[in-house]
Amino acid sequence: RLRAIQDRLGGSILVTYSDVLPSRIADQLSLSAGRTFIAPSFDEKDIENYLLANGCPGETANTWSKIIRAGTRGHPQFVDARVVALAEEGFPEPDISELLVPRPEILDVRAEARRLIASRPASDRELLARASLLLGRIPRSRLMAVAAIDPPIAEPGDVIDRVTGPWLERTESDALRPSPLLSALGVDTRGVDWAIEIHRGIAFSFLRSKSLLASDIFDIATHAMLGRSAAPLLLLLPSLLQAGAEVWAQVVETSSLLMAFGLDEGQFLPFADPSETAAFRILQLRIAIEAGHRDNVAKIVQRSVIEFDKNN
């Protein structure tokens with residue numbers, strides 16, 4: 001009927017869909033692959049233009065766009081809610097402190113999303129809670145491994161298909177990325193102890209993959225810290241330490257932030273087992289050496305000696 005109306009009246013039809021448009025609908029509307037595209041999140045320029053269109057002064061629109069992008073990850077619902085609120089406030093001077101505490105309008109959007117999630121089947125809710133702990137985009141195969149963490153989710157492939165679109169966003173590479181609407185879902189609905197166990201399981205799930213990317217090292221180490229167990233690193237280190245210079249150059253590029261954890265006075269790594277702490281320090285030390293950061297090398301060695309003396 002839509003196509004018939006368009007043929008009679010002229011004009012264009014814009015069709016939106018939460019996932020890949022079914023071929024049956026695309027064929028009926030004569031939408032070829034060249035006329036379809038993934039709608040990305042708002043980038044800083046998009047947000048700046050949206051601010052300007054809503055009356056934000058040009059001298060502050062650029063700064064607000066950076067803050068809003070960082071705080072919302074560009075999700076349209078969050079961006080719209082924040083811009084509307086700023087317009088009602090008369091566009092005050094930008095304040096970076098709002099990145100530390102979510103604004104009420106952001107919490108309202110998140111609460112509405114939680115109500116929608118609460119009405120879904122239990123298996124959907126469990127997968128989305130687990131997905132909320134992920135650090136970024138993830139291949140479908142790895143998400144299947146996350147679904148297999150004990151207790152495993154039944155028929156995970158069907159569950160992933162059901163939640164892909166509004167909750168798991170498909171990227172240009174066909175990987176999946178948790179929607180910003182899922183932020184903190186797992187911790188808030190299932191608690192910290194549950195989150196620690198799942199983080200630990202996620203770190204191990206990387207090791208079930210047939211191949212690992214250098215960029216995976218940061219995710220494995222971060223989930224290991226959040227899961228308070230570096231056991232996955234103990235299994236990974238022997239082969240990783242033997243990797244070539246090209247691999248380590250990529251590890252340094254994607255995982256250099258790991259050098260900074262637990263080095264300053266009063267900071268500690270979250271591992272109860274001294275051997276796990278040692279494994280993490282070895283990874284830090286190798287990254288610092290490969291990166292040529294002499295100060296970090298010295299700090300890591302110093303902290304390692306202190307930790308060794310404490311446990312012996």
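For Asp95, the CG atom counts as densely surrounded, since its 6.0 Å shell holds more than 12 non-hydrogen atoms of other residues, nucleotides or ligands. In the displayed structure, Glu112 atom CD is contacted under 6.0 Å by more than 12 heavy atoms of other residues, nucleotides or ligands. Heavy-atom neighbours of Glu246 CD from other residues, nucleotides or ligands within 6.0 Å: at or below the threshold of 12. With a 6.0 Å radius and a threshold of 12 heavy atoms from other residues, nucleotides or ligands, Glu89 has its CD atom above the threshold.
Rounding to the nearest 0.5 angstrom, the gap separating the OG atom in Ser132 from the CD1 atom in Ile117 is 8.5 Å. With values rounded to the nearest 0.5 angstrom, Ile160 atom CD1 is found 10.5 Å from Leu128 atom CG. Atom CE of residue Met259 and atom CG of residue Leu285 lie 11.0 Å apart, to the nearest 0.5 angstrom. With values rounded to the nearest 0.5 angstrom, Ile300 atom CD1 is found 7.5 Å from Arg281 atom CZ. Here the NZ-CD distance, from Lys66 to Glu48, works out to 8.0 Å after rounding to the nearest 0.5 Å. Atom CD1 of Ile287 is separated from atom CD1 of Ile217 by 8.0 Å, given to the nearest 0.5 angstrom.
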Take Leu212 and Leu236 through the test side chain to side chain contact (heavy atoms under 4.5 Å, CB included) and record every step on the way to the result.
CA-CA 10 Å; Leu212 285 174; Leu236 177 63; 3.7 Å; yes

Decide salt bridge (charged side-chain N to carboxylate O under 4.0 Å, His left out) for Glu126 and Arg190; before the verdict, give the C-alpha distance in whole Å, the side-chain angles of both, and the deciding distance to 0.1 Å.
CA-CA 9 Å; Glu126 178 64 23; Arg190 283 157 171 72; 2.9 Å; yes

Would you check, one step at a time, whether the test side chain to side chain contact (heavy atoms under 4.5 Å, CB included) holds for Asn62 with Glu44?
CA-CA 8 Å; Asn62 181 261; Glu44 289 181 10; 5.6 Å; no

Verdict with reasoning, Glu290 to Val251, per side chain to side chain contact (heavy atoms under 4.5 Å, CB included)
CA-CA 9 Å; Glu290 295 289 342; Val251 171; over 6 Å; no

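Closest of all the heavy-atom pairs between Leu133 and Ala195 is CD1-O, 4.0 Å. Contact between Pro178 and Gly136 at its shortest, heavy atoms only, is CD-O, 3.5 Å. Nearest heavy atom pair, residue Pro238 against residue Leu235, reads CD-O, 3.7 Å. The two residues Thr189 and Leu185 make their nearest non-hydrogen contact at OG1-O, 2.7 Å. Between Leu240 and Trp248, the shortest heavy-atom contact is O-NE1, 3.1 Å. In terms of heavy atoms, Trp64 sits closest to Cys56 at CD1-SG, 4.4 Å.
In the hydrophobic clustering of this structure, Leu237 groups with Leu207; members are Ile, Leu, Val, Met, Phe, Trp, Tyr whose side-chain heavy atoms approach within less than 4.5 Å, directly or through other members. A single hydrophobic cluster is seen to contain both Ile68 and Ile96, as judged by linkage of ILVMFWY side chains at heavy-atom distances under 4.5 Å, directly or through other members. In the hydrophobic clustering of ILVMFWY residues, with side-chain heavy atoms under 4.5 Å counting as a link, Val163 and Leu116 come out together. Met225 and Ile282 fall within the same hydrophobic cluster, where Ile, Leu, Val, Met, Phe, Trp and Tyr residues are linked whenever their side-chain heavy atoms come under 4.5 Å apart, directly or through other members. The hydrophobic cluster containing Val301 also contains Ile289, counting ILVMFWY residues as joined when their side-chain heavy atoms lie under 4.5 angstrom apart, directly or transitively.
Residues Asp219 and Leu134 fail the side-chain proximity criterion, which asks for heavy atoms closer than 4.5 Å. Contact check for Asn54 versus Leu86: no side-chain heavy atoms found under the 4.5 Å cut-off. Residues Leu168 and Leu143 have side chains in contact (heavy-atom distance under 4.5 Å, counting atoms from C-beta outward). Counting only heavy atoms from C-beta outward, the side chains of Leu234 and Glu276 approach each other to under 4.5 Å. Between Arg130 and Ile149 there is a side-chain heavy-atom pair separated by less than 4.5 Å. Within the 4.5 Å cutoff, the side chain of His75 has no heavy atoms near those of the Val109 side chain. Ile138 places a side-chain heavy atom less than 4.5 Å from the side chain of Val146. A 4.5 Å side-chain heavy-atom check between Thr171 and Leu176 finds every atom pair outside the cut-off.
A cation-pi arrangement, defined by a distance under 6.0 Å to the six-membered ring centre and an angle within 45 degrees of its axis, is present between Arg303 and Phe268.
With Glu169 as reference, Arg177 is the one residue of Arg73, Arg177, Arg137 to meet the salt bridge (Lys or Arg N to Asp or Glu O under 4.0 Å) rule.
At least one donor-acceptor pair under 3.5 Å links the side chain of Asp46 to the backbone N or O of Asp43. With Arg228 contributing its side chain and Arg200 its backbone, the two residues share no donor-acceptor pair below 3.5 Å.
At a threshold of 4.0 Å, the pair Glu307-Lys310 does not count as salt-bridged, since none of the basic side-chain nitrogens sits closer than that to a carboxylate oxygen.
Side chains of Ser123 and Arg162: a donor on one and an acceptor on the other come within 3.5 Å.
The aromatic rings of Phe261 and Phe280 stand perpendicular to each other, their planes meeting at an angle above 60°, with 30° marking the opposite boundary. Relative ring orientation between Tyr50 and Phe42 is described as perpendicular, the plane-to-plane angle rising above 60° on a 0-90° scale split at 30° and 60°.
Ser119 pairs by the side chain to side chain donor-acceptor pair (under 3.5 Å) definition with nothing, not counting sequence neighbours.
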